[in-house]
*Asks:* 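Handing you a structure now.
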Amino acid sequence: MHGGADGHAGSPLNFIEQVVEDDIAAGKNGGRVHTRFPPEPNGYLHIGHAKSICLNFGLADKYGGQTNLRFDDTNPVTEDTEYVDSIKNDVQWLGFKWENEFYASDYFVRIYAFAETLIQKGLAYVDDSSSEEIAAQKGTPTEPGRTNQYRDRTVDENLDLFRRMRAGDYPDGAKVLRAKVDMTSPNMQLRDPIIYRIKHAHHHRTGDAWCIYPMYDFAHGQSDAIEHITHSLCTLEFEVHRPLYDWFIQQLEIFPSRQIEFARLNLTYTVMSKRKLKQLVEEGHVNGWDDPRMPTIAGLRRRGYTPASLREFADRIGIARRENLIDLGLLEFCIREELNKTTHRVMAVLDEEPLKLVISNYEEGREEMLNIENNPEEETTTYRKVPFSREVYIERDDFMENPPKKFFRLFPGGMVRLKGAYIIKCDDVVKDAAGNITELRCSYLPESRSGSDTSGINVKGTIHWVSVPHAVEAEVRLYDRLFSVENPAADERDFKELINPASLSVVRAFVEPALVEAARSGEQSNFQFMRKGYFVLDADSTADRPVFNRTVTLKDGWAKEQKKN
RNA sequence: GGCCCGAUAGUAUAAGGGUAGUACGACAGAUUUUGGUUCUGUUUGUGGAGGUUCGAAUCCUUCUCGGGCUACCA
């Protein structure tokens, strides 16, 4: 039966799918599968959340179940509707549809009733201690905690006090409600955890209706129970909370959701903690939550990542319980794999001062519209028109005066093909007084035109180019990894000192006119700049100056070759 | 000192007592009007020690290493 109880044999199951299939086989919950994605609306979603989203929605999909979107909004001072909106947008953009949109705050009345139930059963008490006192009495992982006098309050006294907490009779911090579990438990979570605290704060949904709010530990499991969530998936750090949740389920006799923990995603060269991401934004190290260097879903979207590529990534990294650090290269593989199939190849010369190439035997004033293939991966090839003329720009890197061995590009006396156009030969190098190369004089082979080449000459290299009189100036933002070390979180130094100073460089570029048309029409926004990488049109573009973000470079075999020497 | 979890190639992830696979990466070659793509091939692994068994990555013991647990955060 392992390998797929319902026809999914073939792809191996992760350990959560195995649990789910075992539950289905055992007839648990009548075979029903209902998951939930439970973000707190206090920040933007990142790629680690994408893993969780794909897991929860994917699981429900696979087993014919449903997934709720539930906001864990139990701490009004950190939460905001801005985050609610961005989270909903990101989940939808990733391609998922939730069955219900719920909020933990929808359940405040019922959670409050659960608290009274606990009090009535003698399983919760109001504690007047300060937070320092509570911490001190809690003990440490190696020493048991101590009880205090408040623990012995009567049910009636507790009920009265708790109701007065709710009524607003006390200031913030004056009292808390605690579950009465076991102050000596080796599991710290069971040492009479606080389940309600006083916060005279405005809530983004319930307004000023409440001045007491349940703790996460007294809201999350209850919300799962209320929604009859069958499988409650969360990250490893909540594992030690599970006995507490199970205790609540038992004492309150509510629906027993099954919590399963998995390892959170870590990615090389970035940070994943919400606190750190927030700091990067607030201190201006990046330009907002959607800065293309950020591992946020909004950032990746602006970087040019597609929903399918992120889903593919989530699929490939798998689900397990061991700590992991995924190679950023895998994410890049996923987006290249997709963009290779889908994007048009266009020509863009990314140089502040590109190299001008004058084709001396090409008639002055003459211009041709060449037909160039959009994408060799297409099943049925499509073409676009690209203007060609006597003067073209090429990249400085594509010419070397004294080339090393195996340099296939242009050099004095050498020949290359201008992509989609002609084979040219470099006849002369023109320099200014300072010795800088200002121009290349070349000659072309008229019979070598792409598609009708009768020259019989084979050249090793093909380079891209843009016709000078037709070139459109653009701004190109070259993004690289945000941090210069693999695992900033594990570094002793402050993570902000580890930011890669070259994570963004802005360059001027000259692009072919078809690119501007395509981008303006909105038909496409992702492109391959031939031989350079994948780029996406940025929202900062203006009518006369497009802006492109580099999503990812192409694999660079030449750079690799050079490294060897 | 305690409790909980984990450990399979460089990185991830399969193998549920019976041939250690897969992907990414790396390396080598072929193809190529992108030094891209594609194709072919190669390399690299069960943390240590015991035990159970005809047979152990898998079960048991123990050690080592890594992570988590001491917020009125989630």
Side-chain angles (χ1 to χ4, degrees), chain A residues 1-3 11-14 18 38-40 42 72-75 77-79 127 129-131 134-136 138-145 172-178 185-189 191 194-199 213 215-217 219-220 234 236-243 261 263 268 274-275 316-327 329-334 336-337 340-341 345 347 372-373 375-377 406-409 416-421 423 448 450-451 453 458-464 528-533 553-562:
Chain A
M1 75 159 273
H2 294 287
S11 64
L13 302 180
N14 65 48
Q18 290 175 9
E40 185 192 12
N42 69 344
D72 264 326
D73 55 351
T74 56
N75 186 2
V77 304
T78 60
E79 295 154 6
D127 193 326
S129 309
S130 69
S131 87
I134 290 176
K138 203 153 212 170
T140 69
T142 54
E143 310 158 31
D172 287 8
K175 289 177 166 37
V176 292
L177 183 69
R178 291 228 253 171
S185 171
N187 183 342
M188 300 288 290
Q189 314 304 321
R191 313 241 275 220
I194 293 168
I195 59 177
Y196 259 96
R197 76 291 216 193
I198 301 170
K199 271 182 196 281
Y213 293 93
M215 297 288 288
Y216 173 84
D217 279 346
H220 189 85
C234 64
L236 252 26
E237 68 269 26
F238 291 104
E239 182 177 9
V240 286
H241 297 236
R242 177 153 37 92
E261 309 87 13
T268 56
K274 246 191 218 179
R275 195 198 99 241
R316 282 176 181 267
I317 59 179
I319 300 291
R321 282 174 70 85
R322 78 188 81 131
E323 294 292 323
N324 60 80
L325 179 61
I326 307 285
D327 190 340
L330 184 61
L331 215 211
E332 296 181 336
F333 167 83
C334 292
R336 284 195 189 107
E337 184 187 42
N340 174 52
K341 292 186 195 122
R345 276 59 170 159
M347 296 196 284
I372 299 186
E373 182 183 47
N375 181 355
E377 307 292 321
K406 294 199 235 169
F407 184 79
F408 303 154
R409 284 114 95 148
V416 292
R417 174 174 291 283
L418 293 177
K419 171 70 189 179
I423 293 174
S448 68
S450 279
D453 184 354
N458 259 323
V459 291
K460 216 47 187 282
T462 298
I463 63 174
H464 61 281
Q528 184 194 105
F529 287 3
M530 183 157 281
R531 302 206 302 135
K532 302 305 286 186
T553 59
L554 251 29
K555 283 207 283 184
D556 192 343
W558 174 237
K560 200 182 278 183
E561 177 73 29
Q562 283 174 303

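Proteins get letters first, then strands, A, B, ... in listed order; numbering begins at 1 in each.
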*Asks:* Should stems be defined as at least three consecutive Watson-Crick or G-U pairs with both distances under 3.5 angstrom, which of them involve RNA chain B?
*Replies:* B:2-7 with B:64-69, B:10-13 with B:21-24, B:26-30 with B:38-42, B:47-51 with B:59-63

*Asks:* Give the minimum heavy-atom separation between A/Glu40 and A/Asp72, together with the two atoms involved.
*Replies:* CG-O, 3.3 Å

*Asks:* For nucleotides 64-72 of chain B, just jot down a letter per nucleotide in 5' to 3' order: B, S or -, based on protein non-hydrogen atoms under 4.0 Å.
*Replies:* ---S-BBSB

*Asks:* Identify whether any heavy atom of A/Arg417 sits under 4.0 Å from a base atom; if not, whether one sits that close to sugar-phosphate; answer base, sugar-phosphate or nothing.
*Replies:* base

*Asks:* When only distance counts, do a donor and an acceptor, one from the side chain of A/Arg409 and one from the base of B/G35, lie under 3.5 Å apart?
*Replies:* yes

*Asks:* Using side-chain hydrogen bond (donor to acceptor under 3.5 Å, both in side chains) as the criterion, list what pairs up with A/Arg197, not counting sequence neighbours.
*Replies:* none

*Asks:* Under the rule for side-chain hydrogen bond (donor to acceptor under 3.5 Å, both in side chains), what residues qualify as partners of A/Glu377, not counting sequence neighbours?
*Replies:* none

*Asks:* Side chain of A/Thr462, base of B/U34: donor and acceptor closer than 3.5 Å?
*Replies:* no

*Asks:* For A/His220 and B/A74, what is the distance between atoms NE2 and P respectively, to the nearest whole Å?
*Replies:* 12 Å

*Asks:* Who are the ring-ring contact (aromatic ring centres under 6.0 Å, His included) partners of A/His464, not counting sequence neighbours?
*Replies:* none

*Asks:* Reckon A/Thr74 touches a base, only the sugar-phosphate, or nothing at all at heavy-atom distances under 4.0 Å?
*Replies:* sugar-phosphate

*Asks:* Could you tell me which residues satisfy salt bridge (charged side-chain N to carboxylate O under 4.0 Å, His left out) with A/Asp556, sequence neighbours excluded, listed by chain and number?
*Replies:* none

*Asks:* Counting side-chain heavy atoms from CB outward, which of B/G6, B/A26, B/G35 is closest to A/Lys560?
*Replies:* B/A26

*Asks:* Distance check: side-chain N/O of A/Lys274 vs OP1/OP2 of B/A74, anything under 4.0 Å?
*Replies:* no

*Asks:* Which whole-number value in Å describes the distance from A/Leu330 CG to B/A9 P?
*Replies:* 17 Å

